[in-house]
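Side chains included, hydrogens not; waters and symmetry mates left out as well; all remaining heavy atoms used.
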2 protein chains.
Amino acid sequence: MATGRTHRPATRSRGIPEATVARLPLYLRALTALSERSVPTVSSEELAAAAGVNSAKLRKDFSYLGSYGTRGVGYDVEYLVYQISRELGLTQDWPVVIVGIGNLGAALANYGGFASRGFRVAALIDADPAMAGKQVAGIAVQHSDGLEKIISDNGVSIGVITTPPSVAQQVCDRLVAAGVTSILNFAPTVLSVPDGVDVRKVDLSIELQILAFHEQRKAGEEAALNEAALAAPAGRGDSTDQGPDGDVPAVMPA
Amino acid sequence: MATGRTHRPATRSRGIPEATVARLPLYLRALTALSERSVPTVSSEELAAAAGVNSAKLRKDFSYLGSYGTRGVGYDVEYLVYQISRELGLTQDWPVVIVGIGNLGAALANYGGFASRGFRVAALIDADPAMAGKQVAGIAVQHSDGLEKIISDNGVSIGVITTPPSVAQQVCDRLVAAGVTSILNFAPTVLSVPDGVDVRKVDLSIELQILAFHEQRKAGEEAALNEAALAAPAGRGDSTDQGPDGDVPAVMPA
DNA sequence: CCATCTTTGTGCACGCGTTCACAAAGACAT
DNA sequence: ATGTCTTTGTGAACGCGTGCACAAAGATGG
Ligand SMILES: NC(=O)c1ccc[n+]([C@@H]2O[C@H](COP(=O)([O-])OP(=O)(O)OC[C@H]3O[C@@H](n4cnc5c(N)ncnc54)[C@H](O)[C@@H]3O)[C@@H](O)[C@H]2O)c1
Ligand SMILES: NC(=O)c1ccc[n+]([C@@H]2O[C@H](COP(=O)([O-])OP(=O)(O)OC[C@H]3O[C@@H](n4cnc5c(N)ncnc54)[C@H](O)[C@@H]3O)[C@@H](O)[C@H]2O)c1
């Protein structure tokens, strides 16, 4: 998922597959819920259902961490919570900076889900002088002039970018130069980073477009079905009276 | 990525692999930028660089859509923009509802990136009576009592859930019952949906945890390197004076 | 102590996605 | 028209991830 210039070959970190790492937070969430209900042990089948995955996959995932289960019984919930937390590095505190305190940045700052997992908003940074000093989520916004100092003073290694896309790369460059080695990017841009820096992106627009693709496919199948019976009206999705699937390109190739 | 109860076997839709579909929006974005700069054609190498992918992958991706390139020249930008837009279903208008107009829901409502790709915020829905009637991003928030009618009146097939996780499943159920067949879920919950409904989730907390995992691994490698030289201090990441990698579990298994 | 029963841990096969490498195709110059 | 040069489109190999199916392990009861 790292979108750096050089494509790192999936660096199976210390033997734990990337796909497994991506599921550990899911397991952890389900386990935390069980822990709060004081459930002592859980079977792979139950936990898998709670996490929305296959039980075989879950057992294989856990096997990468070690053999923490007891055959015939299941897994000890508390113990597993600790092991996964430790594996994910959540037993330590991760100071995070958010750069670009607009609509989205402010929403993230207000989000309680951060602190609950060992992530602490160490600073909010914005380039707008009018924002500097304002309190957002109980934290004073600081001007981006001091970005480097803020990063180094707080020992920040994780940065969140919620600036407009036009400045995302330069913000990224400054973060990296200041010592940040993990970036969560909300701006719809491809970021170039040096080796050793991880970038993950959250792109709302892409998610919607993927949904639209499947939605269109579903509508197409439905239409084909209706067509097979008779030339029936579409019913849903006729908000515009444009043809559902024009075949004539807007511009022909040269 | 659909997290429904039944695991659909990657339904290679109409021959286009899921992984390719997920990259089409990326290509489209890069192509749109080129189009705005009036670049007439682009090679797979250039476009791949702009989209942050391998050029062979890009060519293979495009080969699923058909042979739209010209050997020795490259791809016609305008034509490709149209073809990808059509394939993704962006030539039609998709009305979208957002349910749960809190911090995040309001940020999304204000986001301009929706409309630019054929997605139109048809309605904002919240359960809080105090929110009803309030204007957010120029749209009046409606009470969730009328959810079903709003969905059907506007022919909405895509819903965005930004409610607290505790109510996400029931909101999801109502959306589905009302006719929504695609859901973008921001609440940290596993949603169960019937077959034929697509769910995609955006989970900030998971992204951060994945970053933390890699961050810890990097720190560990670095520490091992330093250790090899001498018992050197860690320098970064000592915000708490807790040992960097305790080995004693909090609770021993039964 | 033994039998039975539950559940883990994993060997194995399969399919998807990625990447390499190259032949074919077309543009362009001469 | 012909040759050269660029770039596409794709066959093939490989690696990762997934899921099945089962043997091994341990709990539990008699
Ligand atoms: N709002 C959403 O729901 C949403 C959804 C998906 C993606 N995004 C993306 O997230 C980003 C932020 O969206 P938004 O709606 O919050 O935009 P916004 O305009 O409300 O906020 C952007 C903020 O970044 C600040 N900024 C600008 N340049 C900066 C710089 N060089 N350094 C530091 N701060 C700087 C601005 O002062 C502003 O406060 C955009 O890239 C947008 O495309 C937003
Ligand atoms: N804020 C963030 O940056 C952020 C980040 C990641 C995930 N999330 C998740 O997104 C969701 C929303 O976060 P938020 O910060 O906006 O929370 P919020 O509390 O600000 O907003 C939630 C809104 O949902 C409304 N609501 C509650 N029950 C409802 C119902 N049954 N039907 C319709 N509306 C209902 C509430 O009235 C409120 O306006 C949460 O699940 C949160 O975990 C938020």
Hits for ring pair (Phe, Tyr, Trp, His ring centres under 6.0 Å) against A:F62, two or more places apart or cross-chain, chain-then-number order -> A:Y27, A:Y75
Quiz item: How would you label the contact of A:F62 with the nucleic acid (heavy atoms, under 4.0 Å): base, sugar-phosphate, or nothing?
Solution: nothing
note: B:L80, atom CG; D:dT8, atom C1'; distance rounded to Å ~ 13 Å
Separation of D:dG19 atom C1' from A:R23 atom CZ, nearest Å, is 11 Å
Sorted by chain and residue number, the side-chain hydrogen bond (donor to acceptor under 3.5 Å, both in side chains) partners of B:T162 (sequence neighbours excluded) come out as none
### Check: B:K60 side chain, C:dG17 base, donor-acceptor under 3.5 Å
no
Rounded to whole Å, OH of B:Y68 lies from P of D:dG9 at a distance of 11 Å
Rounded to whole Å, the OH-P distance (A:Y64 to D:dC16) equals 10 Å
Sorted by number, residues from residues 36-46 of chain A placing a heavy atom under 4.0 Å from DNA chain C are A:S43, A:S44
Notebook entry, point to check: Using a distance-only test with no angle check, is there a side-chain donor-acceptor pair under 3.5 angstrom linking A:S205 and A:Q209?
Noted result: yes
In whole angstroms, the gap separating P of C:dA13 from NZ of A:K57 amounts to 21 Å
Its contact letters, B for base, S for sugar-phosphate only and - for none at protein heavy atoms under 4.0 Å, make nucleotides 22-30 of chain C read --BB-S---
- Message: Quick one about A:D61 and A:T20 (side-chain donor to acceptor, distance below 3.5 Å, no hydrogens or angles considered), yes or no?
- Response: yes
Those residues at least two apart in sequence (or on a different chain) that pass side-chain contact (heavy atoms from CB on, under 4.5 Å) with A:Q169 are A:C172, A:D173, A:L191, A:S192
Atom CG of B:L58 and atom P of D:dT7 are separated, to the nearest Å, by 14 Å
In whole angstroms, the gap separating P of C:dT10 from CG of A:N54 amounts to 17 Å
- Message: Quick check on C:dG9: is either OP1 or OP2 less than 4.0 Å from any side-chain nitrogen or oxygen of A:Y75?
- Response: yes
Hits for side-chain contact (heavy atoms from CB on, under 4.5 Å) against A:T70, two or more places apart or cross-chain, chain-then-number order -> A:V73
Contacts of A:F186 meeting ring pair (Phe, Tyr, Trp, His ring centres under 6.0 Å) (sequence neighbours excluded), chain-then-number -> none
Residue set satisfying salt bridge (Lys or Arg N to Asp or Glu O under 4.0 Å) with A:R29, at least two apart, ordered chain then number -> B:D203
Residues passing the salt bridge (Lys or Arg N to Asp or Glu O under 4.0 Å) test with B:K60, sequence neighbours excluded, are none
In whole angstroms, the gap separating P of C:dG9 from CG of A:L47 amounts to 12 Å
